[in-house]
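What's counted below: heavy atoms across the whole structure, side chains too, no hydrogens, waters or symmetry copies.
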Amino acid sequence: MKVDFGAFDGGLAGRFAVATLESHVVSETDRLTDVILCPPHHLSPVPCCAVTRETMANGFATDTEEALRQHEMLLRTLERHGVRCHMLAPSSSLPDMCFTRDVGVSTPWGMVALNPAMPHRQGEVDVLLQACGRWNLPVRRIKKGTIEGGDICVARDGLLILGLSGERSSTDGVAEFAAPFRAARWDVLICPFHADHLHLDTIFCMVDKDEAIGCIELLDPAFVKAVHKHGVRIMPMPAELSSSLGCNILSLGEHHILTSAADPVVSTTLRAAGYSVERIDISQFAACGGGIHCLTQPLRRVPA
């Protein structure tokens, strides 16, 4: 069913000619072909979540050179797998800009610019919109409530999963984002969780169309039951992976997964389940509250 984004509140943030790039994602685990990144020239911890407050209390300070090296390794790994990387411009006033996941999401009907709850992240949306203008990508913009990309999982064709902590993503923001999916008769599952876990993707991530990893004891029991009812198996992970960003992984499609080098639990479990896993050092970013999933905003995925 074709859905017109313009029919929903927020409309289009820009109307452009034929796109030179395509924003299209129907499944979180289809083969990744294009992704949006932003180099971490200005990465620094902001005390807006439990992880960064703890690392700052322990004396952590960003090593920019090391952060750039780690980000370059992520970029090179993506390119080695045939993923085209499209860059946003870093800004000294936007310390979290490298966590591109949270400001935009590609859907079956194109790009959606989100509405972050944290004031220091609002300017990141403007950077994304400017880039989409240069790339000739039409954009729908969320204006009601707040919602961040870490709480959005376009799980597979017909199934959308949204996290709701009430802090980063609000009821109004979740409802506005979900409206086109509901109109297209997708099933929409909402997972409430404690705001200390920041985003849904710190405690739940899809690894295939019918398989996920998750910190079961931190997930709402009704959500777990609904996920199982939809035929999705959740491989259980330790609760402590929420703060270490161990569950925050990226599927490249075709059972190939990128995980954090610091956590062997997820990689061992996934390899035993038949997945190909590459571990990447993202320690600078994990200390600032973000993992591999946070650092990557898929722009286009295609079925295998």
Side chain proximity check, [X] to [Y], heavy atoms < 4.5 angstrom:
| X | Y | value |
| --- | --- | --- |
| T296 | R101 | yes |
| R84 | V35 | no |
| C215 | C247 | yes |
| R156 | L159 | yes |
| F177 | L162 | yes |

CZ (R76) with more than 12 external heavy atoms under 6.0 Å: no

Around atom CE of M87, are there more than 12 heavy atoms from other residues, nucleotides or ligands closer than 6.0 Å? yes

Lys/Arg-Asp/Glu bridge criterion (N-O < 4.0 Å) met for [X], [Y]:
| X | Y | result |
| --- | --- | --- |
| R69 | E72 | no |
| R233 | D210 | no |
| D30 | K209 | yes |

When rounded to the nearest 0.5 Å, the distance separating SG of C85 from CG of D34 is 8.5 Å

Could you grab the distance from atom CG of N115 to atom OG1 of T146, nearest 0.5 Å is fine? 6.5 Å

Would you say S93 and S91 are linked by a side-chain donor-acceptor pair, where the criterion is simply a distance under 3.5 Å? yes

Are F223 and F204 close enough that their ring centres sit under 6.0 Å apart? yes

Quick one, K144 with E176, criterion salt bridge (Lys or Arg N to Asp or Glu O under 4.0 Å). Give me CA distance, side-chain angles, the key distance, then yes/no. CA-CA 7 Å; K144 286 184 179 178; E176 184 175 355; over 6 Å; no

